[in-house]
Every structure is written in C-alpha cells, then in structure tokens.
Amino acid sequence: MTRSWAVLKRLLVGEPFASGRGSSLVLSKRYAIPLLAVNPISSIAYAPEQVFLVLGLAGTAAYAFSPWTGLAVAAVMCAVIASYRYTVQAYPGGGGDYRVVTANFGPGAGRLAAAALVLDYILTVAVSTAAAVAALAALMPGLHPWREWAAAAAIAVLAAFNLRGLRVSGRVAAGVTIAFVAGIAAIVLTGLVRLAAGEDLAAPAAERPEDQREWTSAALFLLCARAFAAGSVAVTGVETFTTRVRFFRPPRGRNAAAAITTVGAATVALFTGTVVLAFLVGAHATPVDGLLQYPLIAQLADTVFGGSPAARWPVMLATAGVLLLAANTAFVGFPQLASVFAEDSLLPRQLHKRGDRLVYSNGILILAVAAALLVVLFGGGAYELIGLYVVGVFLSMVLSHAAMSRHWRRVLDVERDPGRRSRARRARATAIAAVLACTAVLVIVAFTLFRRGGWIAVLIIGGCYLLMRAIAKHYAAVRDEIELPPGKPKLPSRSHAIVLASSVNLPLMRMLSYAKATRPDTITALTVNVDAAASRRLVAEWDRRRIGVPLTVLDSPYREITGPIAEYVKARRRDAPRDVVTVYLPEYVVGLGPQRGRLSRGYYNWSASLLHNQTTKALRRQLKYEPGVMVCTVPWILGESTEPPPLRRIPK
C-alpha cells in the first residue's frame, strides 16, 4: 500500500481496532423490539402509497378498491408473521432464510435463496434512501431535481459511517422508531376520530378533477392485483428477526417470537389504518418523473392537522430518520450475511475477512456501490424500484416458508408427544398458508410488474445464482485437488536451485546467499548468451571472484532471454518429475527505501519502476504455470546503503 493511499485510508476509516475490541450485542426486549422494528415499520413510509399509485392509473374512482386491497395485503402480512414466529423458535441460532432453506432443501435451493437475499439487501438500501429523500423533499422542494444524487450521497455517508466501525445507539434507534410510530399513530387516530365526529376532512390533492377513463372489469381486476402486489412490499423487514435472534436474551426463540408478534401487529395496524384514512379523506398519489411530489404521509399530516408546519416537519423528519435507519441496518446485516456466504464458498473468501475497524469492509463497499448504482439508474424514485424489491423479497419468503413446511413434516414423522405433534401441525399449516400467500404475490408480480423492473430483478437473481454456483464449484475443485491423500504424504525427492545471473554484483550475491541458506541439493547460476563479449566478461569475472557456484551459459541465437531459461527449467523437470526446481530472480524496489543517500533521493519516483524488473516479470509470468517450479524474487531496495559481506563469503 502506498503512503498516500494509507494516509487517505486513515482519514476516511480511522485507526485500526485490535481484534479483542469486538463485542457481541445482546439486548432485552425493551430495546431489541424498537431497534429491530426499524425494517418492518419503515415500510409504512412507502407501502400504503404504492396501493394508491397503482390504482390511480385507472382514475380516482379506482381508489374505492384501496381498503380491500389494503386488507388483502394485511392478510398476507399476518400469514407471514405467524409463520416466522415458528421459524425463530425452531431455529433459535439464527441464520435467516438462507440457513432454513439450505437445511431443508439442500445447497441448490440455498444458493437461490442467497441470491434473492443479496438483491433484497441491495434494494433495502436503495428504496429506503430514495424514500427518505422523497420525505425530505416534501419539506424542501428544491431537493427534487437532485433526488438521485442526494440518495447516492446518503448511501455514501452511511457506508463511511459503517466502514469506521461505528454503531447507531440502541436508544437513538429506538427513539427515532418510536417517534415515527407515534407520528403515524397520531395521524391515523386523530383523523379517524375527527371523521367519526362528523368533520369533513379532504386531502389537498382531492381538488384535482376526476379521471374519466373507462376500464373493463378484467383490466380493473388486474390493476387491483398489481396494486395488491405493490402494496405487499409492506411485508419486507419481518425476516430481519430470523437473522437477529442472537440479539435477544435467553430464551432467544421465545423472546424473538414475542418481538415479531408485537412489531407485526403494530405494522399491520398502521398499514391498514393509513390506507383506510387515505381513502376516507380522498388522498391521491401520482408520480411525477418517477418521484412522488406530495408523499401520502405528508398529505395525511396536512389534512389531519390543518397544514400546520409544527406537525408536518416532525412527522416527515421522523419518516426520513426511520428510513435511513432501515438502510443502515442493511449495511450491518448484509456484510455479515455475505461473510456467511463466503464461509460456505458461495462468494469470494475476501468477504469473510474483517477490515481494520472490525467490520466486513468489502461487503459494505459492494452494497454501497450496487445500491447507489440502482438509485442513479432509476432516477432516485422509490416507485420505480418497488418492482425489483418485491421479487427479491417474496422469492426468499416462498423458499423459506416452503422449507419450514418440510421441516414440520419431518418433525411430525418422528414426534410422538401429542402436545408437540399438535403444535407441529399448527406450525405446518401456518407455513403452508404463508407459502400460498407469498406465491400469489410472486405470481402477480411476474405478470403485472415484470415490465416495470421485475425482469431486472430476475436477471440479477439469476446472475447471482450462476456466480455463486461457479464459485462453489471452483472452491470445491481446489479443495479436492489440494487435499492430502490417505497415508504418508509423498515429499519431493530433491530440490534444485537456479539463480539468474546477468552480472556479478551485490543483488547476485544476495540471491546466492539466500539460495544456499535454503540448503538445496544442487545450486546453479544461469545466464543467457545474447552478447558474446558480455558473456565472456561475466565468465572471467566469475572465475576471478572464485564464487564457488557453477555457472551455466545458455546459447540464444535469436537473442531471447526468457525462452531459453524456461526451456532449461522444463528440461530439469522432465529429467526428474518428482524434484522441485526453485528459480531465484532479482527484483529492484524503487522509492521505498530509507530516505538517505544520493541514490534514494534520485530514485524516489514511481516512474522509475518502469525501468526495472521487466525481464523478471516476463520470467515470472512464464514459469508460474509450470508444475513443480517455484519462482522466488529476492528484493534489492535501491538506496538502502548497506554494507554487504565480501563476495567470496557465501554461507555454506
């Protein structure tokens, strides 16, 4: 690592942490519930308006179907929440959908679930930051033209925050989540109470004229199905509890199940209440250039509280805050999940390595780049990203709940206790209901949202699956190749050292000393005759110095250096296939030595490295594919000003 890059890295990331600094996070339900509720609760900020955005395509009269669509989404949420309650109790060690699917369906289905989860985490960051920018734009309209770049900047800030190994305080996260829940609950309850009291509440957007387009019954049914699929994005985030079971105190499974029930009930109530209130007050949702200019929550806050800034600003700031927290939880969860995938040979092993600040830096960077790229490509609008999001989320859920159905079937095959069998039957029935509900959403998405971005999700998931499969095959092949066979291992018969010599100088003496220190069976100095006069001078100097190592001169009629040396090494291997040949090459290191002496000052220039080591690099490229041949480069730091031993004093 160069000095300038090291300084920049320290400025951005900070000083490294020692390994012993890491600590596990175990929370009571009082803090774990608000902290983990960020993901499912944050979907209330954009899921209800997805129903109105789609139904609005048929005109404002189609909003009459919004309460029924919202209830259908709530039914899916209830089925998924109920099934996940049993999942966290059956798998109290955590692991999430990937572990559940792999344990019950094998590695092939596990890779598909892993690919879907990768897209899920990327879209969590992209959708959450885009929705957060939309919430802030409702307060600062000047942010609209820069929405995609503002979202990309927010992603960069979150990535930098996590690269430094910093954590959001549990109390801060809980405070923001509670503020958001309290704001939405206040809007819904106040609005419903005022309507029940006979007050006439009308959203500001309700003044727009009615759209007079006519739709057939079949087309309207498909539109309602599409609205149902888009609104089902409210289910996202519930699966977070299956990967964070370890955050709870024992008994972890029971505490996690209680947390899912509490958070799930709150999410269902807030989602349903928001949809119903929006329908009753005549709120509208129409995207402009891919961005909702007047978010649904802002409309409801203005309608219920009379457009008071004192009410609108806290609600929208809490909305933006909870969405940014949801994106931040993805930056915490995805690198850990990618580390699990890398440990299981589904992703490169580098993702399993922690960085200087005890975080999985590579996973954070990959997530940030992928999410920012999607946000910019889709113009910073959450509305355009929902189609991708739903595909990834519900594919992993279908696989997970199907795996749990199989799990409970296996439990019933071996369990004989009547009480436990009854519980297993209920759990299996719940898992089947969740599978059917999630499959219905996934099928509707395939038919209605495929052109709106669903095909991109399928492409990403398919590409991730094929990549994971190829990586797993590669690691398996490498593991099989390098595994020791049974019995006593066979070691090489002999070791031969070949030292490349072009002139008698200090780097050559260092290579000879190092080669002799390794105690090979034979050692040979090798040079190529491309200039007869220079070769004669080298041989004469070799004899005069009495170096004591035989010098072999190779002829090269066409003045080539790398070819004759490679052929000589291959010949040694052909004569004795079980022997090992080590080739020692000089390497001149430029500009990294101590800053003293005339040479170090003159060579402290990166461009000078182009003047050295070209023959060494060519030989290394040609010899590294030869079996049984080791290439060893011996560095000589230009300008180090050492006092070398006499040339004839080479260790024996």
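- Rounding to the nearest 0.5 Å places CD of Glu148 at 10.5 Å from CG of Leu377.
- Cation-pi contact between Arg406 and Phe105: absent, since separation from the ring centre below 6.0 Å together with deviation from the ring axis within 45° is not met.
- For the side chain to side chain contact (heavy atoms under 4.5 Å, CB included) test with Phe228, the passing option among Val54, Val76, Leu55, Val51 is Val76; the others fail.
- Put simply, CZ on Arg226 and CG on Leu53 are 10.0 Å apart, with the number rounded to the nearest 0.5 Å.
- The distance from the OG1 atom of Thr87 to the CE atom of Met404 is 4.0 Å, given to the nearest 0.5 Å.
- With a 4.5 Å cut-off on side-chain heavy atoms, Leu399 and Asp97 do not count as touching.
- Judged purely by distance below 3.5 Å, without hydrogens or angles, the side chains of Tyr360 and Asn162 never pair a donor atom with an acceptor atom.
- Counting heavy atoms from C-beta outward, Val38 and Leu323 have side chains that stay 4.5 Å or more apart.
- Counting only heavy atoms from C-beta outward, the side chains of Val233 and Val393 never approach each other to under 4.5 Å.
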Item checked: Pair Leu136-Met316, side chain to side chain contact (heavy atoms under 4.5 Å, CB included): steps then yes or no -> CA-CA 7 Å; Leu136 293 176; Met316 299 313 295; over 6 Å; no

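- Residues Tyr46 and Leu296 fail the side-chain proximity criterion, which asks for heavy atoms closer than 4.5 Å.
- The two residues Val390 and Val445 come nearest to each other via the heavy atoms CG1-CG2, 3.3 Å.
- Between the side chain of Ser339 and the backbone N or O of Pro335 there is no donor-acceptor pair closer than 3.5 Å.
- Between atom CZ of residue Phe394 and atom OG of residue Ser400 there is a gap of 12.5 Å, rounded to the nearest 0.5 Å.
- In this structure, the separation between CG on Leu346 and CZ on Arg111 is 7.0 Å, given to the nearest 0.5 Å.
- Distance check, rounded to the nearest 0.5 Å: CG of Leu158 to OG1 of Thr329 gives 10.0 Å.
- Enclosure of atom CZ in Arg469 is not indicated, since only 12 or fewer non-hydrogen atoms of other residues, nucleotides or ligands lie within 6.0 angstrom.
- The shortest side-chain heavy-atom distance between Ile122 and Ile460 does not fall under the 4.5 Å cut-off.
- Val340 is listed as a side-chain neighbour of Arg99, based on a closest heavy-atom distance under 4.5 Å.
- Shown here for Ala138 and Arg312, the closest heavy-atom pair between the two residues is O-NH2, 3.2 Å.
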Margin query: Assess the residue pair Ile184 and Ile41 against the criterion (side chain to side chain contact (heavy atoms under 4.5 Å, CB included)); give the C-alpha distance rounded to whole Å, side-chain angles, the decisive distance to 0.1 Å, and a yes or no.
Written below: CA-CA 10 Å; Ile184 301 300; Ile41 288 293; over 6 Å; no

Margin query: Checking Thr124 against Tyr389 for the side chain to side chain contact (heavy atoms under 4.5 Å, CB included) test, could you report, in this order, the C-alpha distance in whole Å, the side-chain angles of both residues, the deciding distance, and whether it holds?
Written below: CA-CA 8 Å; Thr124 296; Tyr389 200 13; 2.9 Å; yes

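- A donor-acceptor contact shorter than 3.5 Å is absent between the side chain of Arg147 and the backbone of Ala130.
- Within the 3.5 Å criterion, the main-chain N or O of Val125 finds no donor-acceptor partner in the side chain of Ser128.
- Not counting sequence neighbours, Asn362 has no partner by the side-chain hydrogen bond (donor to acceptor under 3.5 Å, both in side chains) test.
- Between Val80 and Cys438, the shortest heavy-atom distance links the atoms CG2-SG, 3.6 Å.
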Notebook entry, point to check: Stepwise, does the side chain to side chain contact (heavy atoms under 4.5 Å, CB included) test hold for Arg85 with Thr430?
Noted result: CA-CA 10 Å; Arg85 287 187 72 258; Thr430 304; over 6 Å; no

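- In terms of heavy atoms, Ser232 sits closest to Val441 at OG-CG2, 3.7 Å.
- Judged purely by atom type and a 3.5 angstrom limit, Glu239 uses its side chain to pair as donor or acceptor with the backbone of Gly237.
- In this structure, Phe331 and Phe161 have side chains that are not in contact, with every pair of non-hydrogen atoms separated by 4.5 Å or more.
- The closest side-chain heavy-atom distance from Tyr86 to Ile260 is not below 4.5 Å.
- The backbone N or O of Ala79 sits nowhere less than 3.5 Å from a side-chain atom of Ser83 that would complete a donor-acceptor pair.
- Heavy atoms only, all atoms of each residue included: Thr267 and Ile44 are closest at O-CD1, 3.6 Å.
- In this structure, the ring of His352 has its center no less than 6.0 angstrom from the ring center of Phe341.
- Residue Ala154 comes nearest to Leu324 through the heavy atom pair CB-CD2, 4.4 Å, listed as atom of the first residue, atom of the second, then distance.
- Between the side chain of Gln299 and the main chain of Ala283, no donor-acceptor pair closer than 3.5 Å is present.
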